[in-house]
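Only one structure is covered here, and it is reproduced in the block below.
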Amino acid sequence: MIYYFSGSGNSRHVAKLLARESGQELFSLNKFFKDKCRFRKGRDLIECSEPLPLPDDKNQVLVFVHPTYGWRQPRLLTSFLAANARQLKHRKLYFVATAGSGFGGSEKYLLRLCRDVGAEYMGLATILMPENYTAMFAIPDEPEADRLIQAGEARAQEAAAAIRAGSKLLPDPGLCKRPFLLSTVVNPLFYKFIVKSRAFYADDRCDSCRVCQLICPLNCISMETDENGDLRPHWSDNCTHCMACINHCPRQAIEYGRASHNKRRYFI
Ligand SMILES: Cc1cc2nc3c(=O)[nH]c(=O)nc-3n(C[C@H](O)[C@H](O)[C@H](O)COP(=O)(O)O)c2cc1C
């Protein structure tokens, strides 16, 4: 079974390719989170109305495809998998992470997660894809994004072959630089000081279409009437900065303070 969480579609794109190559079923954690779960500030799971659906065959491998947030797997994924420890015990877990530039010490935290839930760690594939963090960084232009996607697809093919063969996945050491500084020191600071929703707003280009509300995997957007009587999105503080809303807005009406001004939007 191939599970994915994805803000702008990079991880979903890779997950689809893996599912096609391996003939395995694809499972959207975005939909599961949206329909069944509640998170505190987009990080720690509060509750899900159902456990994670797993294949009956305990020998079937589970593959988790996800973006990299602050040089580790997203914290919401960590807390979600930890909450499903009972079902994941003794299962074989592969991880396929996408990122815009590097993975730091991601592997250490995936190993720790597997140890904590009693699962067998089958390795991590590190796949560079276009940067999607519109609130922080520049997004590559279209030719560069296409080049990255093509190279990412080739890496995903390699990962699919390894998973089919039951071999361990190995992260690219060239993409895992400064693990302690980035993943251990910076990651908690990133969540404490950067991952906040209050800078999001929709400007006059917004036509109240609700795409942002529908696409938000954590249900943190509600539509509220502003002082001019217009229906506008409003962000609650359980946002995890997945960037789905800002990148999918059909009118590019969503901004993150001034940081996103004049930046390209991206989704695949
Ligand atoms: C909140 C946030 C944090 C990110 N942190 C990192 C990072 O630490 N290292 C990196 O190379 N890319 C980082 N990125 C970029 C994404 O990991 C990358 O673009 C990923 O492929 C997006 O996948 P998705 O479209 O499936 O969400 C970050 C993006 C977001 C939104």
Side-chain angles (χ1 to χ4, degrees), residues 2-18 26 28-31 33 39 41-43 63-78 95-110 124-140 144-145 148-149 151-153 155-156 171-172 174-197 199-200 215-218 220 235 238-248 254 256 259-260 263-268:
I2 315 275
Y3 300 87
Y4 69 85
F5 175 71
S6 183
S8 59
N10 285 342
S11 308
R12 183 184 55 224
H13 187 73
V14 166
K16 276 185 170 171
L17 191 149
L18 293 173
L26 195 61
S28 166
L29 289 173
N30 289 47
K31 182 163 166 44
F33 291 164
F39 288 87
K41 292 199 170 174
R43 301 157 203 192
V63 183
F64 290 90
V65 190
H66 57 82
T68 302
Y69 290 172
W71 299 277
R72 292 193 205 172
Q73 75 272 17
R75 244 167 87 172
L76 86 172
L77 187 65
T78 311
F95 295 90
V96 176
T98 67
S101 55
F103 299 82
S106 291
E107 186 169 40
K108 172 177 159 187
Y109 291 91
L110 292 168
L124 164 68
T126 46
I127 302 188
L128 281 189
M129 289 290 276
E131 176 66 55
N132 77 333
Y133 203 176
T134 324
M136 290 276 278
F137 301 115
I139 307 297
E144 175 63 2
L148 283 161
I149 292 166
E153 286 170 348
R155 299 272 302 147
D172 178 345
L175 298 174
C176 300
K177 305 239 170 84
R178 292 180 291 169
F180 179 75
L181 175 69
L182 298 175
S183 305
T184 305
V185 179
V186 180
N187 177 282
L189 300 172
F190 164 72
Y191 273 99
K192 189 163 188 249
F193 296 110
I194 307 287
V195 184
K196 304 202 185 292
S197 62
F200 279 112
I215 205 155
C216 173
L218 302 186
C220 77
W235 283 258
N238 67 331
C239 170
T240 198
H241 271 200
C242 76
M243 300 290 128
C245 57
I246 195 167
N247 283 315
H248 284 85
I254 298 176
Y256 188 79
S260 58
K263 277 192 190 152
R264 187 170 121 75
R265 305 309 198 241
Y266 165 81
F267 68 87
I268 175 168

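Just so you know, ligand 1 is whichever comes first in the structure, and atom 1 is the first atom listed for that ligand. Since the model is a prediction, treat every value here as computed from it, not as a measurement.
Taking distance alone, with nitrogen or oxygen atoms compared against 3.5 Å, G70 approaches ligand 1 more closely than that limit. Taking any N or O of T240, backbone or side chain, none lies under 3.5 Å from an N or O belonging to ligand 1. For ligand 1, the polar-atom distance check against C242 finds no nitrogen or oxygen pair separated by under 3.5 Å.
For atom 30 (C) of ligand 1, the nearest non-hydrogen atom from the set Y133, F267, F137 belongs to Y133. The option from L175, L182, N132, L128 that lies nearest to atom 16 (C) of ligand 1, judged by heavy atoms, is N132. Of the listed residues (H241, H13, M243), the one carrying the non-hydrogen atom nearest atom 1 (C) of ligand 1 is H241. Taking only non-hydrogen atoms, the option from P130, P67, A15, S6 nearest to atom 23 (O) of ligand 1 is P67.
Side chains of L218 and L76 form a contact here, defined as non-hydrogen atoms less than 4.5 Å apart. Contact check for I246 versus Y256: side-chain heavy atoms found under the 4.5 Å cut-off. Between Y69 and N187, the closest side-chain pair of non-hydrogen atoms is not below 4.5 Å. Contact check for Y109 versus Q73: side-chain heavy atoms found under the 4.5 Å cut-off. Two residues are said to be in side-chain contact when any heavy atoms from C-beta on lie closer than 4.5 Å; I139 and P130 fail this criterion. T126 is listed as a side-chain neighbour of R155, based on a closest heavy-atom distance under 4.5 Å.
The closest protein non-hydrogen atom to atom 14 (N) of ligand 1 is T68 O, 3.3 Å. Regarding atom 20 (C) of ligand 1, its nearest protein heavy-atom neighbour is T98 OG1, 3.3 Å. Atom 15 (C) of ligand 1 has its closest protein heavy atom at E131 OE2, 3.2 Å. Nearest protein neighbour of atom 8 (O) of ligand 1, counting heavy atoms only, is W71 N, 2.7 Å.
Contact analysis leaves G104 out of contact with ligand 1, as no non-hydrogen atom separation drops below 4.0 angstrom. Within the structure, the closest approach of F190 to ligand 1 falls below 4.0 Å when heavy atoms are considered.
The contact set between ligand 1 and N10, taken as ligand atoms under 4.0 Å from a residue heavy atom, comprises 19 (O), 20 (C), 21 (O), 22 (C), 23 (O), 24 (P), 25 (O), 26 (O). When each atom of ligand 1 is checked for a heavy atom of G7 under 4.0 Å away, the hits are 24 (P), 26 (O), 27 (O). The contact set between ligand 1 and S11, taken as ligand atoms under 4.0 Å from a residue heavy atom, comprises 23 (O), 24 (P), 26 (O). When each atom of ligand 1 is checked for a heavy atom of G102 under 4.0 Å away, the hits are 9 (N), 10 (C), 11 (O). Which parts of ligand 1 touch S8 is read off a 4.0 Å heavy-atom cut-off, strictly below it: atoms 24 (P), 25 (O), 27 (O). Every atom of ligand 1 with a heavy atom of S101 under 4.0 Å away is listed here by number and element: 10 (C), 11 (O). Close approach of ligand 1 to G100 (heavy-atom distance below 4.0 Å) involves ligand atoms 10 (C), 11 (O), 12 (N), 15 (C), 18 (C).
Between L175 atom CG and I127 atom CD1 the span is 10.5 Å, to the nearest 0.5 Å. Once rounded to the nearest 0.5 Å, the distance linking OH of Y133 with CD1 of I194 reads 6.5 Å. Considering CG of L148 and OG1 of T98, their distance stands at 11.5 Å, rounded to 0.5 Å.
Within 6.0 Å of NZ on K16 lie no more than 12 heavy atoms contributed by other residues, nucleotides or ligands.
E131 and S101 are not linked by any side-chain donor-acceptor pair at a separation below 3.5 angstrom, with hydrogens and angles left out of the test. With 3.5 Å as the limit, one finds no donor-acceptor pair spanning the side chains of Y3 and H66.
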